[in-house]
Number of protein chains: 2
Amino acid sequence: MSNITKEKLAAEDIAAQLTNAVHEHRLKPGAKLREDEVSDVFGVSRTVVRQALRALAFEGLLTIERNRGAFVSKPSLKEAHEVFQARALLEPSTARAAAERTTAADIVLLERHIKEEHEALDQDRPGLALKLSGDFHLEIARIADQQTIEQFLKQLVSRSSLVIALYWKRRNALCESNAHHALVDALRNHDGSAAEELMKGHLLDIYSQLDLREYDEGATSLKEALRK
Amino acid sequence: MSNITKEKLAAEDIAAQLTNAVHEHRLKPGAKLREDEVSDVFGVSRTVVRQALRALAFEGLLTIERNRGAFVSKPSLKEAHEVFQARALLEPSTARAAAERTTAADIVLLERHIKEEHEALDQDRPGLALKLSGDFHLEIARIADQQTIEQFLKQLVSRSSLVIALYWKRRNALCESNAHHALVDALRNHDGSAAEELMKGHLLDIYSQLDLREYDEGATSLKEALRK
DNA sequence: CAGGCAAAACTTGTATACAATCTGACCTCA
DNA sequence: TGAGGTCAGATTGTATACAAGTTTTGCCTG
């Protein structure tokens, strides 16, 4: 979170840097963010910091407790389920829509994105790889030209990052199957059905690598949501 | 937006009152909300007002232009489509999930809700009726016990209200079919499939009463999204 | 009279001072 | 010893003063 430049940072910039830190798991769930500590680091007044913190709280990344401060959120098991259920509703259709609109330029961008993910893994920076992986999903919503859904997905990806920090089964053996590669292939071929199915499978794959067993309410399961 | 009490209002309360005003179309798309005007009305400092305005901007109800101020949002045709596409993805599944969990108390509550809607129409208060109609949809997400989706839906219902203010075909002939009644019946019978189908139909019904014809991009249509 | 420039009036953005609340250490007393 | 209470320090919440930017007004010029 280096900040050498004297340029005056806006709330937006601060929010972005904090978001990166959380996505890369440099800031862990439960961590407290004191206002004047943050304002010292970024060289702005608390007014601006508070704007940033409140924006991130709205996205679900932080939780603000009145008179107590801002903390990196710790999603409950229920929230973890809800996040992936919501993603299961939004992302497959979005991938299908994206397939119809994908351009050559998009493919180049996505492939560069995947390359960066692999590089991050090679350099043993799993936090960065995870963040890039999340961005990949947002990129698909962008290609689908669905800004409303993209905005929701941004929040869901953020929360997913927290869920993974808390509930990932085996911290070492990091995922990154070739799921993203397969998705890019489907998009290149404008094969909406394939993209939709691959996205369903990919989400289910991530979901199944989470340790959410304790949670056993009769609630609708994700598998059920993705079955059809 | 009367405010006689001297009780000190929180940003949250102010946001709620402004939200009501917009939902009931007392504040129309494009209207400007000056900070010290609002702070005078509610008797708090601009600091608190700014919190409320920023929160509403995050929900999409207001649009804040830097150094210019906060305005009630005017969703474009594209945004209008996106809002209903997102609702089409989220609400039918949610209605299905709700059907499995609906209790007798929920039914009582929903029926009272519908009664209030009709009363509002009888009293010639279409704005209030519209607001209540939106709340009905949120109530279903609450019954489904899906807080994440409920939160998204809250934003979508808000934006729908703006879309209706801008694009409703015939201002007079107000809707309110018996769609909500039929939904309550399905919920009472724990008939998830019926609830899902009714919700699809209901959304399509609202959508078809909007005048969104100018918008004719090759984008995925809502009808297509609901077809299957 | 139209166009454009300039200054004044107004509105929002940021910093800071002060108030309210929470936290934790220390002390007292059963 | 430990339960409870009180006070000091630290942290967040709110109001306000000032800075920066935008809009309006009105004057001047062609």
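So you know, we letter chains A, B, ... as the sequences are listed, proteins then strands, and number each from 1.
B:E12 pairs by the salt bridge (Lys or Arg N to Asp or Glu O under 4.0 Å) definition with nothing, not counting sequence neighbours. Remark: A:D36 engages A:R34, A:S39, A:R46 in a side-chain contact (heavy atoms from CB on, under 4.5 Å) (not counting sequence neighbours). Considering only residues two or more places apart in sequence or on other chains, B:F71 meets the ring-ring contact (aromatic ring centres under 6.0 Å, His included) condition with none of them. Contacts of A:H23 classified as ring-ring contact (aromatic ring centres under 6.0 Å, His included), with partners at least two apart in sequence or in another chain: none. Taking A:A16 as the reference, nothing meets the side-chain contact (heavy atoms from CB on, under 4.5 Å) condition, with sequence neighbours excluded. B:E79 meets the salt bridge (Lys or Arg N to Asp or Glu O under 4.0 Å) test with no other residue; sequence neighbours excluded. Take A:A98 and apply the side-chain contact (heavy atoms from CB on, under 4.5 Å) test, not counting sequence neighbours, and it matches A:I140, A:I143, A:A144, A:L187. Here A:T47 pairs with A:S45 under the side-chain contact (heavy atoms from CB on, under 4.5 Å) rule; sequence neighbours left out.
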Expected list for residues 56-63 of chain B: side-chain donor-acceptor pairs under 3.5 angstrom, two or more places apart:
residue: B:E59; atom: OE2; partner: B:K154; partner atom: NZ; Å: 3.4
residue: B:T63; atom: OG1; partner: B:S73; partner atom: OG; Å: 2.7

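A nucleotide of DNA chain C counts as in contact with chain A when one of its atoms lies under 4.0 Å from a heavy atom; the first and last such, 5' to 3', are C:dT14 to C:dT23.
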Within the sub-3.5 Å range, which N or O atoms of nucleotides 19-22 of chain D have a protein N or O partner, and how far apart are they?
residue: D:dG21; atom: O3'; partner: B:N67; partner atom: ND2; Å: 3.2

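Of the possible donor and acceptor atoms, none in the side chain of A:S133 sits under 3.5 Å from a partner among the backbone N and O of A:A129.
D:dA10 atom C1' lies 13 Å from atom CD of A:E37, rounded to whole Å.
A heavy atom closer than 4.0 Å to some atom of DNA chain D occurs in B:S45, B:T47, B:V48, B:Q51, these being the qualifying members of residues 44-52 of chain B.
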